[in-house]
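What you are looking at is a predicted structure, and each value in this text was computed from that prediction instead of being measured. We number each residue from 1, following the sequence as shown.
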Amino acid sequence: MIRAQLTPPQCNGPGCSSEALIKAHIMPAGFARGMHRPGGYNVGLSNDGAHRARYQLGKFDKTILCGDCDRILGKLDDFALSFSRSVLPPAAIGQVGSIPGVDCDKLVAFATSVIWRASLSTDPSFAEISLGPLSDRARDISFGAAAEAFPVIVNRLASPDYDVGAFYVEPIRRKLGDNNTYTFNIGGFQWFVLADSRPVPLKLRQLVVNGSTELRSLAVPLERTTEFVGMRQIADRVRRVQATDRTTHRE
């Protein structure tokens, strides 16, 4: 019997063949770190219920990147984190606001890099994030190569009752019209990457930030987002189960 030789995973960075891979975070760890409160911890909500998040700084994968390539993408992560924590003008729900002096192409590369990393991950929670033949293009955009970037839309979350910066949603697949889109929520923003060859729907084109130094974003109420509604339903279900358990225990 001959034992099969398994090929060690290599870095997915452009032109990189390093096998010295690290724990590369899919979503920037800095965002999750900033959500911590003294003595507290981050809570995860899923269809299994509410629980202490297993990965307090977000999920990572040890089969994606080497340290050098991860540090390159880390510069984009740091830029997005710094931007989200900067002093921003007030958001008027339902209106498109402008934030001047923003290198939107860096935000485009950042958002694309998050989706690209998720698409490579072996974690089952990212199974629906699949770029297929667009993967190399997403990689090149992430690492600053001269590639035509995917259209990116950045909505701003707003709420009178909740800290929108503490709302963290991993990448999921969505449809915007007929366009295949991937979205995630961090830093008080909804990030949409339209990984599709079809043109952006006319009504959304004014929100595409590519090539701009002014971020135009629609302010949307956190409480009306699909993700928030889903999380609230999970939380309500958990409370009902807990109440039933307490009643059964008393009986």
Side-chain angles (χ1 to χ4, degrees), residues 27-28 31 76-77 79-116 118-119 128-129 131 134 137-142 144-160 162-165 167-230:
M27 302 264 274
F31 285 94
L76 294 176
D77 297 345
F79 177 80
L81 181 61
S82 177
F83 164 71
S84 69
R85 291 181 175 175
S86 61
V87 179
L88 302 175
I93 291 179
Q95 296 185 22
V96 176
S98 296
I99 303 174
V102 180
D103 187 343
C104 290
D105 282 342
K106 275 191 177 181
L107 294 181
V108 168
F110 158 72
T112 303
S113 76
V114 170
I115 300 304
W116 178 68
S119 74
E128 68 174 357
I129 312 298
L131 292 172
L134 299 177
R137 180 175 159 195
R139 176 202 61 202
D140 293 344
I141 295 166
S142 303
E148 183 183 356
F150 301 123
V152 170
I153 293 173
V154 187
N155 284 346
R156 191 171 175 187
L157 298 172
S159 172
Y162 295 94
D163 176 7
V164 294
F167 188 60
Y168 179 109
V169 179
E170 295 173 339
I172 57 176
R173 185 181 181 187
R174 289 271 295 276
K175 281 283 189 179
L176 286 181
D178 294 328
N179 293 70
N180 184 49
T181 306
Y182 298 102
T183 180
F184 59 96
N185 296 8
I186 50 173
F189 291 89
Q190 281 184 311
W191 307 79
F192 294 90
V193 179
L194 283 71
D196 200 304
S197 59
R198 285 166 288 197
V200 179
L202 183 61
K203 64 180 181 180
L204 296 177
R205 289 178 191 173
Q206 64 166 327
L207 296 176
V208 173
V209 303
N210 300 53
S212 179
T213 57
E214 178 183 57
L215 182 69
R216 290 177 54 81
S217 59
L218 174 66
V220 298
L222 171 67
E223 294 83 353
R224 293 186 183 179
T225 62
T226 302
E227 296 81 4
F228 183 89
V229 171

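Checked by atom type and distance alone, the side chain of R205 pairs as donor or acceptor with a backbone atom of V200 at under 3.5 Å. At distances below 3.5 Å, at least one donor-acceptor pair connects side-chain atoms of T225 with backbone N or O atoms of L222. Side chain of R137 to backbone of E148: a donor-acceptor contact under 3.5 angstrom is found. In this structure, the side chain of D105 engages the main chain of G211 through a donor-acceptor pair within 3.5 Å.
Taking both residues in full, the closest heavy atoms of R174 and T183 are given as CG-CG2, 3.3 Å, listed atom of the first, atom of the second, then distance. Across all their heavy atoms, N210 and P151 have their closest contact at OD1-CA, 3.5 Å. V108 and A149 get closest at one heavy-atom pair: CG1-CB, 3.8 Å. Among all heavy-atom pairs drawn from S217 and R156, the shortest one is OG-CB, 3.9 Å. Of all non-hydrogen atoms in P171 and A118, the two that sit nearest each other are CG-CB, 4.1 Å. When every heavy atom of P28 is checked against every heavy atom of V114, the shortest pair comes out as CD-CG2, 4.3 Å.
In this structure, the separation between CG on N185 and CE on M27 is 7.5 Å, given to the nearest 0.5 Å. Here S119 contributes atom OG and R139 contributes atom CZ; the two are 11.0 Å apart, rounded to the nearest 0.5 Å. Rounded to the nearest 0.5 Å, atoms CD1 (I153) and CD (Q190) are 10.5 Å apart. Taken from CD1 in I141 to CZ in F110, the straight-line distance is 14.5 Å, to the nearest 0.5 Å. Atom OG of S86 sits about 10.0 Å away from atom CG of L81, to the nearest 0.5 Å. Within the model, atoms CG of L76 and NZ of K106 stand 7.5 Å from one another, a figure rounded to the nearest 0.5 Å.
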Q.
Determine whether L107 and V152 satisfy the following criterion, side chain to side chain contact (heavy atoms under 4.5 Å, CB included), listing intermediate values before the conclusion.
A. CA-CA 9 Å; L107 294 181; V152 170; over 6 Å; no
Q. Should D103 and F79 be marked as a side chain to side chain contact (heavy atoms under 4.5 Å, CB included) after you check the CA-CA gap, both sets of side-chain angles, and the distance that decides it?
A. CA-CA 9 Å; D103 187 343; F79 177 80; 3.9 Å; yes
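Side-chain contact between L157 and V220 is present, with heavy atoms from C-beta onward closer than 4.5 Å. L176 places none of its side-chain heavy atoms less than 4.5 Å from the side chain of P201. Residues F83 and V154 fail the side-chain proximity criterion, which asks for heavy atoms closer than 4.5 Å. Residues L131 and Y182 form a side-chain contact, since some pair of their non-hydrogen atoms from C-beta on lies under 4.5 Å apart. With contacts defined as side-chain heavy-atom distances shorter than 4.5 Å, the pair S159/F167 does not qualify. Put simply, the side chain of V193 does not reach to within 4.5 Å of the side chain of T181, judged on heavy atoms.
A ring-ring contact (aromatic ring centres under 6.0 Å, His included) check over residues 89-108, counting only residues at least two apart or in different chains, returns nothing.
Taking a 6.0 Å sphere around CZ of R224, one finds it holds 12 or fewer heavy atoms contributed by other residues, nucleotides or ligands. Within a 6.0 Å radius of NZ in K203, other residues, nucleotides and ligands contribute 12 heavy atoms or fewer.
Partner F150 forms a side chain to side chain contact (heavy atoms under 4.5 Å, CB included) with one of D196, L134, L194 and no other, that one being L134.
Between F184 and W191, the ring-plane angle classifies as parallel under the 30° and 60° cut-offs.
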